[in-house]
Each structure stands twice: as structure tokens, then as C-alpha cells.
Amino acid sequence: MTTRTAWPENVIARYLTVGGATVDLTYQLTVHNPPQPYATLAKCMGCPATEERSHYRTYYSSGGFVSDTVEEHEPDAADAQARTWAQAHAATCRALPKPSA
């Protein structure tokens with residue numbers, strides 16, 4: 001049986017790896033006041049693997065001109081991509097959790 005502990009501050013999702021570490025999802029925040037999320041970060045707490053997905057997507061028109069680009073804010077798509085990566089990584093990572101100090 002595992003012991004339940006509180007998640008670290010700002011963790012929005014957590015996946016358990018095969019080795020017992022976790023992959024934590026957090027938002028990367030701007031330095032603005034107030035801070036705003038600009039990306040979703042998936043970080044393995046047992047190994048150096050990370051994946052960052054931007055909340056912004058740039059779409060180009062068929063002409064390819066810079067003036068025809070559109071940037072859209074899509075945080076749900078970034079969250080979904082980060083969750084998919086985190087789950088796939090957790091299913092194969094055998095790193096043990098880092099010892100706490």
C-alpha cells in the first residue's frame with residue numbers, strides 16, 4: 001500500500017512511473033504582474049526528462065506571408081499534449097524517486 005502525501009504547490013496533475021517516481025505537470029508562468037501561464041510543463045521527478053508545451057499556436061495563411069499569421073491561445077490543447085507525454089513517459093520510466101533531504 002502506498003502512503004498518500006500532499007502534492008507540491010502548483011502541480012496540476014501527477015503520474016506515477018514504473019519505478020515509483022512521479023511525472024508532475026505545472027504551468028510555466030510569465031514574469032508579468034499578475035503572472036499568467038504561457039506553457040504546460042511535464043517533468044519527471046526521477047530522471048531528467050521534461051516536455052514543455054506552449055499555450056500559443058501560430059497559424060499561417062496559405063500565402064505564407066508574415067502579415068497573414070494568427071496566434072491563438074490554446075491552453076487546453078497544451079495540457080492534453082503534456083498529459084499524453086507524461087502518461088507515456090510514466091509507463092516506461094524506471095527511475096527511482098529522488099531522496100528527500
Report task. Could you give me the CA-CA distance, side-chain angles and deciding distance for Asp24 and Arg14, then say whether salt bridge (Lys or Arg N to Asp or Glu O under 4.0 Å) is met? Result -> CA-CA 5 Å; Asp24 292 347; Arg14 189 168 241 201; 2.7 Å; yes
Work out which heavy atom in [X] is nearest to a heavy atom in [Y]; give both atom names and the distance.
{"X": "Tyr15", "Y": "Ala90", "answer": "CB-CB, 3.9 Å"}
{"X": "Ala95", "Y": "Gly46", "answer": "CB-O, 3.3 Å"}
{"X": "Gly19", "Y": "Pro97", "answer": "O-CD, 3.7 Å"}

Query raised in the report: Angle class for the His55/Tyr27 ring planes (parallel below 30°, perpendicular above 60°, tilted otherwise)?
Result: perpendicular
Supply the atom-to-atom distance [X] [atom1] to [Y] [atom2], rounded to the nearest 0.5 angstrom.
{"X": "Leu16", "Y": "Gln87", "atom1": "CG", "atom2": "CD", "answer": "12.0 Å"}
{"X": "Ile12", "Y": "Thr40", "atom1": "CD1", "atom2": "OG1", "answer": "5.0 Å"}
{"X": "Cys44", "Y": "Lys98", "atom1": "SG", "atom2": "NZ", "answer": "8.0 Å"}
{"X": "His73", "Y": "Arg57", "atom1": "NE2", "atom2": "CZ", "answer": "10.0 Å"}
{"X": "Arg53", "Y": "Gln81", "atom1": "CZ", "atom2": "CD", "answer": "4.5 Å"}
{"X": "Thr50", "Y": "Trp85", "atom1": "OG1", "atom2": "CH2", "answer": "6.5 Å"}

Query raised in the report: Taking C-beta and beyond as the side chain, do Glu52 and Ser54 meet within less than 4.5 Å on heavy atoms?
Result: no
Query - In one Ile/Leu/Val/Met/Phe/Trp/Tyr side-chain cluster, 4.5 Å: Leu29, Leu25 - result: yes
